[in-house]
*Asks:* 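One structure follows; several queries about it will come next.
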2 protein chains.
Amino acid sequence: MLTIGKLGAAARVKVPTIRYYEQIGLLLEAERSAGNQRLYSRAALDRLAFIRHARDLGFSLEAIRDLLSLSDDPDQSCAGADAIARAQLAEVETRLARLGALKAELERMVVQCAGGRIANCRVIEVLGDHSLCTTDHHPEGKATP
Amino acid sequence: MLTIGKLGAAARVKVPTIRYYEQIGLLLEAERSAGNQRLYSRAALDRLAFIRHARDLGFSLEAIRDLLSLSDDPDQSCAGADAIARAQLAEVETRLARLGALKAELERMVVQCAGGRIANCRVIEVLGDHSLCTTDHHPEGKATP
DNA sequence: CTAATGTCTCTAGTTACTATAGCTTCAAGA
DNA sequence: TCTTGAAGCTATAGTAACTAGAGACATTAG
């Protein structure tokens with residue numbers, strides 16, 4: 001049995017984050033010691049590692065919740081998990097494309113900055129006038145990796 | 001003079017967002033009509049368009065606040081604006097690299113999913129075991145475009 | 001003049017945490 | 001055994017950048 005600190009260290013998840021995951025129902029409520037401290041099993045560590053890894057890959061907690069409930073039911077079809085992963089991939093691809101455009105625009109901005117006074121600053125000028133842009137950078141539908 | 005709705009339409013910024021920007025001091029408090037409705041000048045539209053464009057390029061409101069105060073002082077050196085833009089570029093580059101790794105990993109996951117049952121699902125399996133990853137995808141320092 | 005639309009303020013919700021305060025429990029050293 | 005310091009507990013509030021809702025007032029078209 002692991003204390004919350006050990007669990008966090010093992011899964012590289014901060015302690016308050018673990019408590020938060022419990023609070024929102026992503027982790028089951030942990031057993032408690034005589035002194036009311038949380039105690040975790042190896043299974044809890046696996047589950048937390050799963051969450052952490054999925055977060056690293058950019059899945060939302062909502063998506064992770066779905067993936068977890070799928071994985072709790074090993075005889076189900078794989079299609080649900082596949083769909084979630086494909087959706088995530090599509091979103092990543094969208095964001096990649098957009099970030100590519102942003103990068104191009106920012107580079108143009110920065111390269112053209114002659115380092116003089118604000119009055120002639122290319123950065124400020126470009127920001128003030130979208131028509132000076134070459135690429136079609138546009139807002140993302142959503143965000144946060 | 002524009003009402004808030006016209007201003008929003010002109011700059012493609014939602015009305016509550018404009019009020020929010022005013023609330024946090026990014027836009028000056030607007031003049032008011034006899035009936036207490038906000039009225040905006042052409043200059044306010046320019047400023048809002050600047051903000052919107054910078055947001056599109058991923059600048060934080062904090063960075064935009066700095067850029068605006070720089071642009072309010074046209075005789076200053078350009079270095080500050082240049083530094084902010086370069087920092088933004090660096091962040092975009094970091095995120096691009098990371099998203100590239102994520103994409104590779106997600107593609108691997110999705111391609112290997114045979115479409116069977118959860119018990120054999122490659123997606124679930126990879127999420128549960130980081131050592132199955134090939135690329136070095138890791139958490140971003142920060143986020144939100 | 002009335003009805004529809006626009007605007008007003010204020011509060012609270014969103015995502016995924018992070019930080020703080022003030023307490024209790026635990027493990028190790030003297 | 002006592003004590004101290006780290007680790008744990010709860011609860012609340014804060015972060016970014018908005019978005020949504022309620023209920024009241026203003027403006028405009030017909």
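Proteins get letters first, then strands, A, B, ... in listed order; numbering begins at 1 in each.
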*Asks:* On the nucleotide D:dC18, are OP1 or OP2 found under 4.0 Å from the side-chain N or O atoms that B:Lys14 carries?
*Replies:*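 Answer is no, no contact under 4.0 Å.
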
*Asks:* Are the side chain of B:Arg47 and the backbone N or O of B:Leu27 linked by a donor-acceptor pair below 3.5 Å?
*Replies:*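 Judged by distance alone, no pair lies under 3.5 Å.
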
*Asks:* Kindly say if B:Ser33 contacts the phosphate of D:dT27, meaning a side-chain N or O under 4.0 Å from OP1 or OP2.
*Replies:*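 Yes, because at least one side-chain N or O of B:Ser33 sits under 4.0 Å from OP1 or OP2 of D:dT27.
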
*Asks:* Would you mind reading off the distance between B:Glu31 atom CD and C:dT7 atom P, rounded to a whole angstrom?
*Replies:*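 Taking CD of B:Glu31 and P of C:dT7, I get 16 Å after rounding.
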
*Asks:* Check whether any side-chain N or O of B:Arg32 sits under 4.0 Å from OP1 or OP2 of D:dC25, and answer yes or no.
*Replies:*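 False: B:Arg32 side-chain N/O out of range (4.0 Å or more) of D:dC25 OP1/OP2.
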
*Asks:* Within the distance-only criterion (no hydrogens, no angle test), does the side chain of B:Arg55 pair as donor or acceptor with the backbone N or O of B:Phe59 below 3.5 angstrom?
*Replies:*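 Judged by distance alone, yes, a pair lies under 3.5 Å.
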
*Asks:* OP1, OP2 of D:dC9 versus side-chain N and O of A:Arg19: anything below 4.0 Å?
*Replies:*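 Yes, such a contact exists.
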
*Asks:* Decide yes or no on salt bridge (charged side-chain N to carboxylate O under 4.0 Å, His left out) for A:Arg122 and A:Glu125, but give the supporting numbers first.
*Replies:* CA-CA 5 Å; A:Arg122 190 68 187 169; A:Glu125 195 179 338; 3.7 Å; yes

*Asks:* Checking all strands, does B:Arg38 fall into the base, sugar-phosphate, or nothing category for heavy-atom contacts under 4.0 angstrom?
*Replies:*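 The answer is sugar-phosphate, as B:Arg38 gets under 4.0 Å only of primed atoms, P, OP1 or OP2.
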
*Asks:* Please give, in whole Å, the distance from D:dA7 C1' to A:Leu7 CG?
*Replies:*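 Distance check: A:Leu7 CG to D:dA7 C1' gives 14 Å.
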
*Asks:* Once you round it to whole Å, what is the distance between C1' of C:dT7 and CG of B:Leu2?
*Replies:*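 After rounding, the gap between these two atoms is 15 Å.
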
*Asks:* Of all the nucleotides listed (D:dA17, C:dA16, C:dT25), which has the minimum atom distance to the side chain of A:Leu61?
*Replies:*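 Closest of the options to the side chain of A:Leu61: C:dA16.
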
*Asks:* Working to the nearest 0.5 angstrom, can you tell me the gap between B:Leu7 CG and B:Leu2 CG?
*Replies:*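 It comes to 6.0 Å.
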
*Asks:* Over how many whole Å does the gap from B:Gln37 atom CD to C:dT9 atom C1' extend?
*Replies:*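 B:Gln37 atom CD is separated from C:dT9 atom C1' by 13 Å.
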
*Asks:* Near B:Arg42 CZ, under 6.0 Å, is it more than 12 heavy atoms from other residues, nucleotides or ligands?
*Replies:*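 No, CZ of B:Arg42 has 12 or fewer neighbouring heavy atoms, counting only those of other groups under 6.0 Å.
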
*Asks:* Starting at atom CG of A:Asn36, determine the distance to atom C1' of C:dC26, rounded to an integer number of angstrom.
*Replies:*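 For the pair A:Asn36 CG and C:dC26 C1', the rounded distance is 13 Å.
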
*Asks:* Let me spell it out: for each of B:Ile4 and A:Glu62, pick the nucleotide of DNA chain C with the closest heavy atom. Which residue's pick is nearer the 5' end?
*Replies:*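 That would be B:Ile4.
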
*Asks:* Would you tell me if any nitrogen or oxygen in the side chain of A:Thr17 comes within less than 4.0 Å of OP1 or OP2 on C:dT18?
*Replies:*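 Yes.
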
*Asks:* How many whole angstroms separate atom OH of B:Tyr20 from atom P of D:dA17?
*Replies:*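 Nearest whole value for this atom pair: 7 Å.
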
*Asks:* Would you tell me if any nitrogen or oxygen in the side chain of B:Arg55 comes within less than 4.0 Å of OP1 or OP2 on D:dC18?
*Replies:*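 True: B:Arg55 side-chain N/O within range (under 4.0 Å) of D:dC18 OP1/OP2.
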
*Asks:* OP1 or OP2 of D:dG8 sitting under 4.0 Å from any side-chain N/O of A:Thr3?
*Replies:*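 Yes, because at least one side-chain N or O of A:Thr3 sits under 4.0 Å from OP1 or OP2 of D:dG8.
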
*Asks:* Between A:Arg65 (CZ) and C:dA16 (P), how many Å, whole number?
*Replies:*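 For the pair A:Arg65 CZ and C:dA16 P, the rounded distance is 10 Å.
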
*Asks:* By nearest nucleotide on DNA chain C, pick out whichever of A:Tyr21 and B:Gln23 is the more 5' one.
*Replies:*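 Looking at DNA chain C, the more 5' nearest nucleotide goes with B:Gln23.
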
*Asks:* From CZ of A:Arg52 over to C1' of C:dA16, roughly how many Å is that when rounded to an integer?
*Replies:*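 In whole Å, C:dA16 C1' and A:Arg52 CZ are 14 Å from each other.
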
